[in-house]
Undergrad: 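First the structure, which I've put down as C-alpha cells, then a few questions once you've had a look.
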Amino acid sequence: MQQTRGAMARAGAHPDAASPIPAGATLVQLRVAVQDCRGCELYRNATQAVLGEGPSTARVVMIGEEPGDKEDLAGRPFVGPAGHLLDRALDEAGFDRNDVYLTNAVKHFKFEERGKRRIHKKPSSVEIVACRPWLDAELACIHPEVIVCLGATAAQAVIGRQHRVLKDRGRFFDFPGGGLVTATVHPSAILRAPDSEQRHRDYAAFVRDLKKAHEALDRRSR
C-alpha cells in the first residue's frame with residue numbers, strides 16, 4: 001500500500017514525505033516519528049502532528065479528514081464537537097470507542113485565521129498524498145477487518161477518487177489484506193446542517209451507516 005517516491009513526486013508531494021517512518025514501526029514509534037514529517041507545508045503552522053488513537057488490536061479503523069482546532073491543540077483525534085457527536089453515534093451503533101482506532105487522512109491541521117479563530121480548510125490532493133505513507137503505516141500495524149471512511153476526503157484517499165459518499169454510502173468494498181472498507185459522512189457535516197430537523201435526519205442516517213459497519217464486523221466473526 002505504500003506510495004512510491006515516483007508516484008508521490010508526480011502528485012506534487014515532497015519525495016521524502018515518508019522518510020521519517022521507521023521500518024516496521026509500532027504505533028507508539030509512529031506517534032513520535034510523525035512529529036518530524038516535512039512531507040508538505042502544513043507542519044509550519046500546525047501545533048503538532050496528530051496521529052491516530054486506539055488499540056493496535058482494533059478490528060475497526062475510522063478515518064476522518066484532518067485534525068481540527070481542538071485536536072491540533074490536544075494532540076488527539078476527534079476530541080472536538082464532531083468527536084463528541086461521533087462518540088454518541090458509535091455508542092448507538094454498538095461500538096465502544098475504546099475498541100476503535102480513530103485517525104485522519106491528513107495529520108496536520110490546515111486552517112486560515114479569522115481574527116482570533118482558526119477556521120478549517122480542506123486539504124489539497126498534494127497534502128493528502130504526502131500523508132498517505134503515515135496512514136498506510138498505521139493500517140499496517142493494525143490490519144483492521146473493517147475500515148470506515150468519514151467524509152469525502154478520506155473516502156477518495158482510501159477507496160478512490162471516483163467514490164461519492166452520498167451515492168455509495170452503505171456499500172462495502174474489498175481492501176488489500178482481506179478487509180472491507182465503506183464510507184459515510186463526516187460527523188462535522190451533520191453539525192453544519194441548516195436546521196435541527198435536517199440535523200436529526202442526517203444523524204439518524206449516520207448511525208444507520210455505522211450499524212451496517214458493525215453488522216459487517218459481526219458477520220466476519222461467524
Undergrad: Counting C-beta onward and ignoring hydrogens, is there a side-chain heavy-atom pair between Leu30 and Cys141 closer than 4.5 Å?
TA: yes
Undergrad: Just verifying a value: how many Å separate Ile128 CD1 and Thr153 OG1, rounded to the nearest 0.5 Å?
TA: 5.0 Å
Undergrad: Report yes if the side chains of Pro144 and Val60 come closer than 4.5 Å at any heavy-atom pair, otherwise no.
TA: no
Undergrad: Do Val50 and Lys107 have side chains that approach each other closer than 4.5 Å (heavy atoms only, starting at C-beta)?
TA: no
Undergrad: Looking only at heavy atoms, what is the nearest atom pair of Leu191 and Arg199, with distance?
TA: O-NE, 3.9 Å
Undergrad: Tell me, please, which residues at least two apart from Asp69 pass salt bridge (charged side-chain N to carboxylate O under 4.0 Å, His left out).
TA: Arg118
Undergrad: Please find the pair of heavy atoms, one from Leu51 and one from Thr103, that lie closest to each other, and give the distance.
TA: C-OG1, 4.3 Å
Undergrad: Is there a donor-acceptor contact under 3.5 Å from the side chain of Glu66 to the main chain of Asn104?
TA: no
Undergrad: Check for a donor-acceptor pair, side chain of Gln29 on one end and backbone N or O of Thr26 on the other, with a separation under 3.5 Å.
TA: yes
Undergrad: Report yes or no: do Leu102 and Ile190 belong to one cluster of Ile/Leu/Val/Met/Phe/Trp/Tyr joined by side chain heavy-atom distances under 4.5 Å?
TA: yes
Undergrad: Would a distance-only check, ignoring hydrogens and angles, find a side-chain to backbone donor-acceptor pair under 3.5 Å from Arg38 to Tyr43?
TA: no
Undergrad: Identify the two heavy atoms, one from Glu127 and one from Cys40, that lie closest to each other, and give their separation to 0.1 Å.
TA: CG-SG, 4.0 Å
Undergrad: For residues Leu180 and Leu139: do they belong to one hydrophobic cluster (side chain heavy atoms under 4.5 Å, members Ile, Leu, Val, Met, Phe, Trp, Tyr)?
TA: no
Undergrad: Can you confirm whether Leu135 sits close enough to Ile63 that some side-chain heavy atom of one is under 4.5 Å from a side-chain heavy atom of the other?
TA: yes
Undergrad: Spell out, yes or no, whether Leu42 and Val34 are grouped together once hydrophobic residues are joined by side-chain heavy atoms under 4.5 Å, including indirect joins.
TA: no
Undergrad: Looking only at heavy atoms, what is the nearest atom pair of Ala154 and Cys149, with distance?
TA: O-SG, 3.7 Å
Undergrad: Test: salt bridge (Lys or Arg N to Asp or Glu O under 4.0 Å). Region: residues 179-188. Which pairs qualify, not counting sequence neighbours?
TA: none
Undergrad: Stepwise, does the side-chain contact (heavy atoms from CB on, under 4.5 Å) test hold for Val106 with Lys110?
TA: CA-CA 9 Å; Val106 173; Lys110 183 176 183 178; over 6 Å; no
Undergrad: Once salt bridge (Lys or Arg N to Asp or Glu O under 4.0 Å) is applied, what residue pairs with a partner in residues 181-198 remain, sequence neighbours excluded?
TA: Glu197-Arg201
Undergrad: Measure across His108 and Ala46 and return the closest heavy-atom pair with its distance rounded to 0.1 Å.
TA: CD2-CB, 3.7 Å
Undergrad: Check whether any side-chain heavy atom of Val100 sits under 4.5 Å from a side-chain heavy atom of Val61, and report yes or no.
TA: no
Undergrad: For the hydrophobic clusters of this structure (ILVMFWY residues joined by side-chain heavy atoms under 4.5 Å, transitively), does one cluster hold both Val181 and Tyr101?
TA: yes
Undergrad: Going by side-chain heavy atoms closer than 4.5 Å, which hydrophobic residues are tied to Phe111, directly or by a chain of links?
TA: Phe109
Undergrad: Quick one: do Gln35 and Gln48 satisfy side-chain contact (heavy atoms from CB on, under 4.5 Å)? Show the steps, please.
TA: CA-CA 7 Å; Gln35 303 306 326; Gln48 59 194 312; 3.6 Å; yes
Undergrad: For the residue pair Leu210 and Phe95, what are the closest heavy atoms and their distance?
TA: O-CE1, 3.3 Å
Undergrad: Counting only heavy atoms not in Asp174, do more than 12 fall under 6.0 Å of its CG?
TA: no
Undergrad: Determine whether Pro187 and Phe206 make a side-chain contact, defined as any pair of heavy atoms from C-beta on separated by less than 4.5 Å.
TA: yes
Undergrad: Has the side chain of Glu71 got a donor or acceptor atom that lies under 3.5 Å from a matching backbone atom of Gly80?
TA: yes
Undergrad: Please set out all donor-acceptor pairs under 3.5 angstrom arising from side-chain atoms of residues 158-168, sequence neighbours excluded.
TA:
unit_1, atom_1, unit_2, atom_2, d
Arg164, NH1, Arg161, O, 2.9
Asp168, OD1, Arg171, NH1, 3.2
Asp168, OD2, Arg164, N, 3.3

Undergrad: Between the side chains of Glu65 and His120, is a donor N or O closer than 3.5 angstrom to an acceptor N or O?
TA: yes
Undergrad: For Tyr203 and Glu92, does a side-chain donor sit closer than 3.5 Å to a side-chain acceptor?
TA: yes
Undergrad: Calculate, to the nearest 0.5 Å, the distance between atoms CZ and OG1 belonging to Phe173 and Thr182 respectively.
TA: 7.0 Å
Undergrad: If you look only at pairs with a residue in residues 39-61, which of them pass as a salt bridge (Lys or Arg N to Asp or Glu O under 4.0 Å), with sequence neighbours excluded?
TA: Glu41-Arg44, Glu53-Arg76, Glu53-Arg97, Arg59-Glu145
Undergrad: Is the distance between the ring centroids of Phe78 and His186 under 6.0 Å?
TA: yes
Undergrad: Are any of the side-chain heavy atoms of Ile142 and Leu27 separated by less than 4.5 Å?
TA: yes
Undergrad: Side-chain contact test, heavy atoms from C-beta onward, threshold under 4.5 Å: evaluate it for Ile21 versus Trp134 and give yes or no.
TA: yes
